[in-house]
Amino acid sequence: MTEIAHLVARQVWDSRGRPTIEVEVTLASGATGRAIAPSGASTGSREALDRRDGGQRLGGFGVNGAIASVNTEVAQRLKGMDATDQAAIDSALIALDGTPQKTRLGGNAIVATSSAVAWAAAADQKIPLWRHLRGLAGLDADRPHIPAPMIQIFGGGRHAGNRIDIQDYLILATGAKSFSESSEWIAEVYMAAAKAMVKRGKLNGVADEGGVWPDFTANEEGLDLLTRAIEAAGFRPGADIGIALDVAATSFFTDGRYRLALEGRSLDTLGMIELLERWVSAYPIISLEDPLAEDDDAGFIEITKRLGARIQVIGDDYLTTSAARVNSAAAVGACNAVLLKSNQCGTLTELIQASNAAKLFKWNTIQSGRSGESEDVTLSHLAVGLLSDQIKVGSMTRSERTAKWNEVIRIEQSFTHSDYWRFSLNR
Ligand code: PGA
Ligand code: ZN
């Protein structure tokens with residue numbers, strides 16, 4: 001009864017007002033599952049690629065081609081397959097697509113299909129998706145694990161029209177005892193940060209992921225303001241709440257230099273590392289994501305050597321949710337944590353492989369959404385299901401973000417006691 005009886009795709013909308021694809025799967029038992037593809041703006045060059053129609057309509061972002069491929073080829077291929085066998089479903093999708101970056105069917109078509117199948121399989125078993133994912137990943141289904149929210153306070157980089165260079169100023173409530181408490185502390189800091197911007201006459205709306213618009217004259221100003229907002233909200237920077245930056249350095253690396261446009265200067269790899277080292281010493285920073293560009297292997301090795309014992313060095317564009325890239329980075333001592341994005345690799349099976357590879361090296365794992373999101377909550381279930389350390393999906397505002405935080409709050413409440421994340425490295 002768990003075989004796929006029906007599969008249909010439709011056009012829905014994402015948080016940037018762009019079209020995206022939703023896939024709905026119905027099993028022979030009548031159980032259904034559906035999922036919506038997210039979409040990134042600061043994408044790595046090795047990612048699975050969204051298939052977009054191009055042309056004039058909807059700015060070229062149309063997904064009619066991706067929808068057509070699901071409604072024809074994909075539906076034909078998957079009909080009759082067992083939805084509980086995610087590995088077989090994903091292998092079939094990969095083989096049917098047949099390209100290295102999933103360009104033929106579209107990474108967006110594939111990730112929505114892969115995720116919708118998992119939802120349908122969970123529904124058929126009458127279990128939450130996170131519990132089904134534990135089984136798929138070979139993890140303890142009963143562990144009441146809850147990840148920590150890593151939440152954006154200021155947005156920047158490509159998510160704020162390149163108003164500043166650094167992409168995300170986020171915080172982690174290292175002293176909180178639960179997800180609910182963490183989210184409450186972070187909400188207090190968000191409010192304090194917004195209030196500080198009002199006071200300066202600089203509250204000019206929010207960025208793509210709902211973080212306060214970064215009206216700064218230097219990138220470091222964001223760190224200064226954030227540290228003060230943590231204090232203003234009544235917390236101790238460092239002891240209660242730590243800062244995390246998604247530098248997203250690929251987005252400002254051109255012709256071999258890191259170009260900080262806001263400050264009118266450019267740095268080589270060593271200069272960039274030294275700048276970040278100074279920030280780590282001066283501010284309560286506990287995590288740096290993509291501190292260097294996606295091809296700067298030597299830089300990733302050097303920064304991990306210098307800072308990896310103290311803070312998370314996360315690869316996002318650098319690792320692109322690939323088990324093979326996690327393995328080769330670990331072999332040379334680059335990174336100690338991985339960002340996991342389902343649409344970056346394209347299927348849940350590949351995401352599980354990357355997550356499990358990172359765990360073998362005792363790396364921290366961070367489950368991440370994209371800057372273009374929807375009400376879909378697959379991400380929350382991946383973070384709980386794959387025993388991820390943290391979950392990252394932007395700020396405390398905008399419903400496509402709060403949908404994910406609120407789903408984790410529900411899951412946390414469903415546990416009689418929860419085994420909540422504690423910040424540590426190389427556990
Ligand atoms: P993106 O940004 O979804 O625009 O790629 C998120 C991130 O860099 O983590
Ligand atoms: Zn990133």
Side-chain angles (χ1 to χ4, degrees), residues 16 40-44 150-171 189-190 192-230 237 242-296 299-300 303 307 311 313-314 316-318 371 392 394-395 397:
R16 273 193 274 256
S42 72
T43 46
M150 182 198 273
I151 300 188
Q152 185 191 72
I153 305 297
F154 297 107
R158 290 211 179 133
H159 301 163
N162 294 314
R163 175 65 186 75
I164 60 168
D165 306 292
I166 303 296
Q167 182 177 283
D168 294 76
Y169 295 74
L170 312 109
I171 55 175
V189 176
Y190 186 92
K195 210 157 132 190
M197 295 302 269
V198 171
K199 225 161 142 188
R200 291 162 28 134
K202 298 271 188 190
L203 186 70
N204 294 319
V206 299
D208 275 9
E209 298 190 353
V212 175
W213 186 264
D215 212 333
F216 306 139
T217 50
N219 293 291
E220 195 171 343
E221 206 184 325
L223 287 168
D224 209 54
L225 238 134
L226 186 49
T227 308
R228 283 190 277 126
I230 293 168
I243 294 178
L245 292 181
D246 182 358
V247 180
T250 310
S251 62
F252 56 83
F253 183 75
T254 41
D255 302 326
R257 307 276 300 177
Y258 292 92
R259 296 176 195 277
L260 300 172
L262 181 63
E263 298 163 19
R265 59 179 173 148
S266 80
L267 302 168
D268 61 8
T269 296
L270 202 59
M272 190 66 205
I273 292 174
E274 282 167 357
L275 173 72
L276 292 170
E277 267 187 310
R278 271 203 303 284
W279 286 358
V280 169
S281 308
Y283 301 95
I285 294 175
I286 57 170
S287 182
L288 290 177
E289 177 179 333
D290 281 348
L292 298 154
E294 62 181 0
D295 291 318
D296 195 345
F300 266 96
I303 198 164
L307 296 173
I311 65 163
V313 179
I314 308 173
D316 169 16
D317 291 356
Y318 185 60
S371 46
K392 173 193 178 213
S395 84
T397 68

Exercise for review: Run the numbers on Arg278 and Glu220 for salt bridge (Lys or Arg N to Asp or Glu O under 4.0 Å), then give the verdict.
Suggested key: CA-CA 11 Å; Arg278 271 203 303 284; Glu220 195 171 343; over 6 Å; no
Exercise for review: Give the intermediate values and the outcome of side chain to side chain contact (heavy atoms under 4.5 Å, CB included) for residues Val206 and Val212.
Suggested key: CA-CA 5 Å; Val206 299; Val212 175; 5.6 Å; no
Practice item. Please lay out, stage by stage, how Ser42 and Gln167 fare under the test side-chain hydrogen bond (donor to acceptor under 3.5 Å, both in side chains). Key: CA-CA 9 Å; Ser42 72; Gln167 182 177 283; 2.8 Å; yes
Practice item. Output, in order, the C-alpha distance, side-chain angles, deciding distance and verdict of side chain to side chain contact (heavy atoms under 4.5 Å, CB included) for Val189 and Ile151. Key: CA-CA 10 Å; Val189 176; Ile151 300 188; over 6 Å; no
**Study point:** Full working for side-chain hydrogen bond (donor to acceptor under 3.5 Å, both in side chains) between Asp208 and Ser371
**Key:** CA-CA 6 Å; Asp208 275 9; Ser371 46; 4.9 Å; no
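A pairwise comparison of heavy atoms in Leu223 and Tyr169 identifies N-CE2, 3.7 Å as the closest pair. Between Pro284 and Thr227 the shortest heavy-atom distance is CD-OG1, 3.9 Å. Shortest non-hydrogen contact noted between Ala229 and Ala192 is O-CB, 3.6 Å. For Leu307 against Leu288, the heavy-atom pair with the smallest separation is CD1-CD1, 4.1 Å. Taking all atoms of both residues into account, the shortest heavy-atom contact from Trp279 to Leu245 is CE3-CD1, 3.9 Å. Considering all non-hydrogen atoms of both residues, Ile314 and Phe300 come closest at O-CE2, 4.3 Å.
The backbone N or O of Asp168 lies less than 3.5 Å from no partner atom in the side chain of Gln152, so there is not a single donor-acceptor pair. Remark: the backbone N or O of Glu294 is paired with a side-chain donor or acceptor of Thr250 at under 3.5 angstrom. Judged by distance alone, the side chain of Asp290 and the main-chain N or O of Asp317 form a donor-acceptor pair under 3.5 Å. Listed for the Arg259 side chain is no donor-acceptor partner under 3.5 Å among the backbone atoms of Ser266. Between the Glu289 side chain and the Asp316 main chain, no donor and acceptor come within less than 3.5 Å of each other. Checking side-chain atoms of Arg163 against main-chain N and O of Gly155 turns up no donor-acceptor pair under 3.5 Å. Not one N or O on the side chain of Thr43 forms a donor-acceptor pair closer than 3.5 Å with the backbone of Gly40.
Listed by chain and residue number, Tyr258 satisfy the ring pair (Phe, Tyr, Trp, His ring centres under 6.0 Å) test with Phe253 (two or more places apart in sequence, or in another chain). For Asp268, the side chain to side chain donor-acceptor pair (under 3.5 Å) criterion is met by no residue, not counting sequence neighbours.
Between Phe154 and Met197 the shortest side-chain heavy-atom distance falls below 4.5 Å. Side-chain contact between Leu225 and Phe216 is present, with at least one heavy-atom pair separated by less than 4.5 Å.
Of the residues Leu170, Ile230, Ile286, the one that meets the side chain to side chain contact (heavy atoms under 4.5 Å, CB included) test with Ile243 is Ile230.
Judged by distance alone, the side chains of Glu221 and Thr217 do bring a donor and an acceptor atom under 3.5 Å apart.
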